[in-house]
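Just so you know, residue 1 is the first one in the sequence shown, and it goes up from there.
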Amino acid sequence: MNPTHEVFNQPAPLVDVNLFSANRAMQAALKFNAPGLDTAPLHALGAVVGSGGMQLHARLANVHTPQLKTHSRFGQRIDQVEFHPSYHALMTEAVAAGLHGAAWGSPHPNPLPEGEGVNSGSLSACSDLLPLPLGEGRGEGSPNPHLLRAAGFMLFTELEPSILCPISMSYAVAPALRDNAAIHADWESGLTSRAYDPALKPWHQKAGLTMGMGMTEKQGGSDVRANTTRAEPAGTDAWGQRFSVTGHKWFFSAPMCDAFLILAQTASGLSCLFLPRVLPDGSMNQLFIQRLKDKLGNKANASSEVEFVGASAWLVGEEGRGIPQILAMGTMTRLDCALGTSGLMRQALSIALNHTAQRKAFGKALIDQPLMKNVLADLALESEAATALALRLARSFDRPNDAHEQVMNRLLTPVAKFWICKRGSHFAQEAMECLGGNGYVEEGGEGVMARIYREMPLNSIWEGAGNIMAIDLLRALRKADAAAALAHELAPAKGMHPALDRLAAQLPIRVEEMATEMEARRLAQDVALAVQAALLAQTAPPAVFSAFCDSRIGGEWGHSFGSLGAGVDFDAILERARPS
């Protein structure tokens with residue numbers, strides 16, 4: 001049988017590309033924030049997450065979504081979530097790279113009993129590609145572990161973002177355990193281990209551990225003070241004050257984690273409690289999974305609703321002081337929201353550039369068509385600015401004793417989370433449009449774009465939506481010398497662009513005078529744009545910096561991507577952004 005036509009003018013997918021080596025914006029931002037940083041682990045990770053084998057795992061983990069098994073075939077209550085092997089392969093790589101705990105502790109995994117666990121070789125299809133653990137470098141601990149881990153988190157997000165939920169939560173909650181010395185002593189090595197162990201067993205029988213959080217309830221949402229879950233004293237033991245917890249959690253992501261930090265009402269008020277899935281004696285805790293959430297995106301990750309019926313939990317920190325502890329953990333997960341959206345932007349841009357460089361229409365490649373060139377360059381500006389801001393925020397986590405860095409941490413956490421995540425959905429839609437109908441389908445290499453589009457709204461909603469971030473910015477402005485710190489941050493770019501100079505001169509005044517919530521979103525936007533511009537002045541070529549300032553700050557821009565002025569050096573911007 002003869003074919004009716006020849007298939008041509010269909011671009012080859014973006015596969016087997018080192019995502020770090022191809023990302024000039026990330027390399028420049030890392031060099032700026034940590035000169036001399038050893039990026040060997042990122043080169044290794046970039047090869048893994050850009051490989052065809054791992055891309056296949058990412059697709060399969062989203063096609064074959066988690067399944068809840070409430071009971072065994074014998075009728076016993078088991079409350080377990082069953083994952084496709086590709087999910088475990090992705091988790092193996094993320095944990096091996098140290099994305100969950102390398103910033104906090106030992107770079108070496110716990111010993112694993114022979115023949116047990118995922119790292120025995122049963123699941124990972126890329127065991128020969130395991131990257132150097134982030135934070136180790138060439139055998140020594142990195143002086144910038146949070147920045148290095150942030151870059152790795154962004155790279156992994158380009159491959160598959162949803163499995164990073166338990167990774168991000170483990171990163172955020174681990175340091176909070178220091179407020180219960182006994183639990184921290186028992187769990188620290190497992191939480192920093194590079195061995196992924198999904199078995200539902202007591203902590204002391206496992207090669208590696210992960211943790212989650214349980215805050216949100218039906219009636220409260222972001223208002224966690226409205227929580228109704230109650231905790232009654234149940235004695236003391238080696239881990240300190242023990243409680244019996246009864247209640248529910250409306251969003252309880254990654255319920256197969258080994259333990260969770262939850263909020264519950266005690267006699268002294270809302271308190272932070274440590275609740276393990278399996279108790280120290282090997283019995284199952286009284287945590288019951290009611291159902292898994294049917295979400296728009298984030299398909300590979302299991303998000304659930306759970307009930308506690310006399311579940312055992314231990315106090316972490318001071319009773320009645322759960323809110324401050326949760327806010328501290330929220331700061332780190334909000335960092336990951338900004339990092340994650342930045343990574344998704346980069347991947348969407350790379351796919352769009354790869355497609356338009358190969359696809360031809362009207363006699364030449366799409367990327368050479370003037371309007372397409374404008375759209376792609378505009379997306380490239382947005383992506384590089386997001387990368388610069390997210391990694392600048394990550395730097396502040398490595399400098400806890402620097403007064404300026406800590407003020408910027410408080411300012412930039414809500415700003416970066418608000419602005420970068422807000423831009424994500426619009427960005428993904430425009431990048432998808434660059435592929436036309438090919439971008440809208442779910443299959444094949446370009447089907448990744450549909451997955452990115454469905455994933456984008458999550459980071460804007462999770463860990464506090466836009467209004468919460470704007471209010472948090474107002475809280476940060478009332479502390480320390482926020483105006484002076486912001487002026488200091490913007491000073492290196494003074495005199496480099498008139499529009500930026502005008503904005504930089506106004507912002508400290510607006511910061512000092514800001515007293516109403518009505519304008520808080522606009523202030524968050526303008527602080528983000530000013531800081532992004534100042535960073536690009538120090539990390540990006542003049543073509544990128546000037547086009548960003550002209551468009552985002554100077555007003556030479558429309559209300560959609562692809563409306564840059566004709567004087568922009570489009571070719572220089574696109575050459576910098578190309579993923580090859």
>> Strictly below 4.0 Å, N to O, side chains only: are Asp526 and Arg510 in salt-bridge contact?
In response: yes
> salt bridge (charged side-chain N to carboxylate O under 4.0 Å, His left out) with Asp402: which residues, sequence neighbours excluded?
Replying inline: none
>> Parallel, tilted or perpendicular: which one describes the rings of His426 and Phe561, with boundaries at 30° and 60°?
In response: tilted
>> Going by ring pair (Phe, Tyr, Trp, His ring centres under 6.0 Å), name the residues that satisfy it together with Phe20, two or more places apart in sequence or in a different chain.
In response: His43
> Sequence neighbours excluded, which residues qualify as ring pair (Phe, Tyr, Trp, His ring centres under 6.0 Å) partners of Phe418?
Replying inline: none
>> Using a strict threshold of under 4.0 Å (side-chain N to carboxylate O), is an ion pair present between Asp472 and Lys417?
In response: no
> Stepwise, does the side-chain contact (heavy atoms from CB on, under 4.5 Å) test hold for Met154 with Arg346?
Replying inline: CA-CA 9 Å; Met154 289 176 65; Arg346 172 61 191 175; over 6 Å; no
> After noting the C-alpha distance and the side-chain angles of Val49 and Glu160, does the key distance pass the side-chain contact (heavy atoms from CB on, under 4.5 Å) rule?
Replying inline: CA-CA 9 Å; Val49 295; Glu160 210 300 303; over 6 Å; no
> Heavy-atom count around Tyr453 OH within 6.0 Å, excluding the residue itself: above 12?
Replying inline: no
> Ignoring hydrogens and geometry, is there a side-chain-to-backbone donor-acceptor pair from Ser168 to Cys165 under 3.5 Å?
Replying inline: no
> Is there a side-chain contact (heavy atoms from CB on, under 4.5 Å) between Lys299 and Ser162 once you walk through the steps?
Replying inline: CA-CA 7 Å; Lys299 295 291 189 178; Ser162 57; 5.8 Å; no
> So, Glu442 and Arg59, do they make that salt bridge, N to O below 4.0 Å?
Replying inline: no
>> When you measure from the side chain of Glu455 to the backbone of Asn298, do you find a donor-acceptor pair of N or O atoms at a distance under 3.5 Å?
In response: yes
> Among Ile167, Leu159, Leu164, which one satisfies side-chain contact (heavy atoms from CB on, under 4.5 Å) with Leu90?
Replying inline: Leu159
> Under the salt bridge (charged side-chain N to carboxylate O under 4.0 Å, His left out) test, which residues partner Asp398, sequence neighbours left out?
Replying inline: none
>> I need the full list of side-chain hydrogen bond (donor to acceptor under 3.5 Å, both in side chains) pairs touching residues 380-392, with sequence neighbours left out, sorted by first then second residue.
In response: Glu382-Arg423, Glu382-Arg552, Glu384-Arg576, Arg392-Glu405, Arg392-Glu489
> Given the rule in the side-chain contact (heavy atoms from CB on, under 4.5 Å) test, do Asn23 and Glu158 qualify, once you have shown the distances and angles that lead to the verdict?
Replying inline: CA-CA 11 Å; Asn23 193 334; Glu158 292 191 51; 4.1 Å; yes
>> His146 vs Tyr171, test: ring-ring contact (aromatic ring centres under 6.0 Å, His included). Steps then yes/no.
In response: CA-CA 10 Å; His146 293 282; Tyr171 169 68; 5.7 Å; yes
> Would Asp16 and Ser51 count as having a side-chain donor-acceptor pair, cut-off 3.5 Å?
Replying inline: no
>> Can you pull out every ring pair (Phe, Tyr, Trp, His ring centres under 6.0 Å) where at least one residue sits in residues 535-554? Sequence neighbours excluded, please.
In response: none
>> Testing the 3.5 Å rule here: is there a donor-acceptor pair between the side chains of Ser170 and His100?
In response: no
>> Working to the nearest 0.5 angstrom, can you tell me the gap between Asn374 CG and Gln369 CD?
In response: 13.0 Å
> Does one side chain, of Trp557 or Asp378, offer a donor that lies under 3.5 Å from an acceptor on the other?
Replying inline: yes
